[in-house]
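Notes for the one structure printed next.
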Amino acid sequence: MIDIGANLTHASFHEDVEAVVARARAAGIDTLVVTGTTAAESRTACKIAERFDLYATAGVHPHHARDCGPDTLAELKELAGHARIVALGECGLDFNRNYSPHPDQEKCFVAQLELGLELAKPLFLHSRDAHPRFADILRAHGVSKGVAHCFTGEREELRAYLDLGLYIGITGWICDERRGQHLLELVREIPRDRLLVETDAPYLTPRDLRPQPKARRNEPAFLPHIVNTVARALARPAEEVAHETTRNAQTLFGIRESRATTHEKRSAAA
């Protein structure tokens, strides 16, 4: 399995990131994509990816769009040239929290879309309460290579993203009996070659996970729980869903198995 979105730069992982990665690999997670949310956090994400043979994204989350200027974009462009950076983002629109004004969000979003198109990099996309404006901007710029990260929307929004050619990222939201029940049905409408899975750790801990982790901190090792829930919704074997979502992540991001995982498989075979 590949966790396409883990916020390992978050303060809650500062003391035990090595153990978190080790638990993920023990749980069958081949690799992780560490999410970048500011220029500084993207640099840190890249360093974590280098240290643990992982991958990362480089971008500015809409919460921080007010601070996104020419120097920020120049830094993202430089970072994007690193072999461990496989996508631009997390970028997009968040009209729920509105930590940055809408005009600033749209300006920063468009700048990152244009950079992604210029560099032929996939986009790691965030949208919350921003449909249909989010899809309209993607459509206007001809964006088709990317993932709608942490999809929690309704059918109309899903269809818009699929029509654009995007992949769809499913998180532990699908395990939430209060807010995620609709995803158990909608996940069946995602083509098999466009489905991706992610934890968005340390956020979105599956509500039905037992026992619940300390401080409800989510981590990549819990990805199999999400995959199992998705597989039940699809009435398909979890191993099949794990294999297909792994292949999809490798296709979108152009990534390979980690050296650590390959070594473990060879050791097991021996």
Side-chain angles (χ1 to χ4, degrees), residues 4-12 33-46 56-80 85 87-119 121-154 156-161 163-169 171 173 179-180 198 200-204 218:
I4 67 146
N7 298 281
L8 296 189
T9 65
H10 191 272
S12 66
V33 180
V34 185
T35 310
T37 55
T38 66
E41 292 297 315
S42 296
R43 286 196 302 273
T44 302
C46 188
T57 72
V60 176
H61 191 286
H63 288 346
H64 307 288
R66 65 168 69 241
D67 301 318
C68 182
D71 290 345
T72 308
L73 293 166
E75 189 166 2
L76 293 182
K77 185 173 183 177
E78 181 181 358
L79 269 171
I85 300 296
L88 267 294
E90 180 173 355
C91 61
L93 303 175
D94 194 308
F95 294 168
N96 177 272
R97 299 292 181 87
N98 291 311
Y99 289 151
S100 288
H102 289 197
D104 288 347
Q105 290 192 41
E106 293 198 11
K107 182 179 178 181
C108 184
F109 181 31
V110 168
Q112 291 178 88
L113 294 184
E114 291 175 345
L115 182 59
L117 292 169
E118 175 189 343
L119 301 177
K121 286 276 189 182
L123 279 300
F124 191 79
L125 299 162
H126 172 103
S127 176
R128 189 171 184 189
D129 293 349
H131 182 72
R133 181 59 180 156
F134 177 77
D136 289 342
I137 291 174
L138 291 173
R139 196 175 296 110
H141 287 80
V143 173
S144 61
K145 188 178 182 182
V147 54
H149 148 68
C150 187
F151 178 79
T152 60
E154 302 293 339
E156 179 187 354
E157 188 173 356
L158 176 63
R159 294 313 313 175
Y161 298 159
D163 288 347
L164 283 165
L166 299 180
Y167 288 74
I168 308 296
T171 65
W173 194 281
R179 301 179 297 178
E198 53 180 322
D200 202 25
Y203 312 111
L204 301 181
N218 197 11

- request: Taking all non-hydrogen atoms of both residues into account, name the closest pair between Ala135 and Ala160 and its distance.
  value: CB-CB, 4.2 Å

Leu113 side chain reached by Ile137 side chain, heavy atoms, under 4.5 Å: yes

field: More than 12 heavy atoms of other groups within 6.0 Å of Glu78 CD
entry: no

Asp94 side-chain N/O to Arg97 backbone N/O, donor-acceptor pair under 3.5 Å: yes

task: Answer yes if the ring centres of Tyr161 and Phe134 are under 6.0 angstrom apart, and no otherwise.
output: yes

- prompt: With no hydrogens and no angle check, do the side chains of Glu198 and Thr171 hold a donor and an acceptor under 3.5 Å apart?
  reply: no

- prompt: Would a distance-only check, ignoring hydrogens and angles, find a side-chain to backbone donor-acceptor pair under 3.5 Å from His61 to His63?
  reply: yes

message: I'd like to check Phe109 versus Asp104 (side-chain heavy atoms, cut-off strictly below 4.5 Å). Are they in contact?
response: no

message: Using the rule given for side-chain contact (heavy atoms from CB on, under 4.5 Å), can you reason through Glu118 versus Lys77, listing the C-alpha separation, both sets of side-chain angles and the distance that settles it, and then say yes or no?
response: CA-CA 10 Å; Glu118 175 189 343; Lys77 185 173 183 177; 2.8 Å; yes

message: Tell me whether His64 contacts the main-chain N or O of Val60 through its side chain, where contact means a donor paired with an acceptor under 3.5 Å.
response: no

message: According to side-chain hydrogen bond (donor to acceptor under 3.5 Å, both in side chains), who are the partners of Asp136, at least two apart in sequence or on a separate chain?
response: Arg139

- request: Verify, without hydrogens or angle tests, whether Trp173 (side chain) and Leu204 (backbone) share a donor-acceptor contact under 3.5 angstrom.
  value: no

- line: dist Thr72:OG1 -> Gln112:CD (nearest 0.5 Å) comes out at 9.0 Å

field: Set of side-chain hydrogen bond (donor to acceptor under 3.5 Å, both in side chains) partners for Arg128, sequence neighbours left out
entry: none

- prompt: Can you check whether Glu157 reaches Ser127 side chain to side chain, under 4.5 Å on heavy atoms?
  reply: yes

Pairwise side-chain contact, Ile168 with Leu158, heavy-atom cut-off 4.5 Å (strictly under): yes

field: Which atom of Ala45 lies closest to which atom of Thr35, heavy atoms considered
entry: CB-O, 4.1 Å

- prompt: Is the closest side-chain heavy-atom distance between Val147 and Leu166 below 4.5 Å?
  reply: no

- prompt: If only atom types and distance count, is the side chain of Lys145 paired as donor or acceptor with the main-chain N or O of Leu123 below 3.5 Å?
  reply: no

- prompt: Rounded to the nearest 0.5 Å, what separation is found between the CG atom of Asn96 and the CG atom of Asn98?
  reply: 7.5 Å

- request: Please work out which of the three classes, parallel, tilted or perpendicular, describes the rings of Phe95 and His102, given edges at 30° and 60°.
  value: parallel

- prompt: From His141 NE2 over to Leu117 CG, what is the distance, rounded to the nearest 0.5 angstrom?
  reply: 8.0 Å

message: Is there a side-chain contact between Phe124 and Val33 in this structure, where contact means two heavy atoms from C-beta onward sitting under 4.5 Å apart?
response: no

message: Tell me whether Asn7 contacts the main-chain N or O of Ala201 through its side chain, where contact means a donor paired with an acceptor under 3.5 Å.
response: yes

message: Using every non-hydrogen atom in the two residues, find where Ser42 and Gly59 come nearest and quote the distance to one decimal.
response: OG-N, 3.0 Å

task: Over all heavy atoms of both residues, which pair between Leu164 and Ser144 is shortest? Give the atoms and the distance, please.
output: O-CB, 3.2 Å

field: Between Asn218 and Asp200, a side-chain donor and acceptor under 3.5 Å
entry: no

message: With rounding to the nearest 0.5 angstrom, report the CG to SG distance, Leu125 to Cys150.
response: 12.5 Å

query: Counting only N and O atoms by type, is there a donor-acceptor contact under 3.5 Å from the side chain of Arg66 to the main-chain atoms of Tyr99?
result: yes

- prompt: If every non-hydrogen atom of Gly36 is compared with every non-hydrogen atom of Thr57, which pair is closest and at what distance?
  reply: N-OG1, 2.9 Å

message: Show the nearest heavy-atom pair for residues Ile85 and Leu79, with the distance to one decimal.
response: CG1-O, 3.2 Å

field: Short side-chain donor-acceptor distance under 3.5 Å, Glu90 and His126
entry: yes

message: Taking the side chain as everything from C-beta on, heavy atoms only, tell me whether Glu154 gets closer than 4.5 Å to His131.
response: no

query: So do Gln105 and Leu93 actually touch side chain to side chain, heavy atoms under 4.5 Å?
result: yes

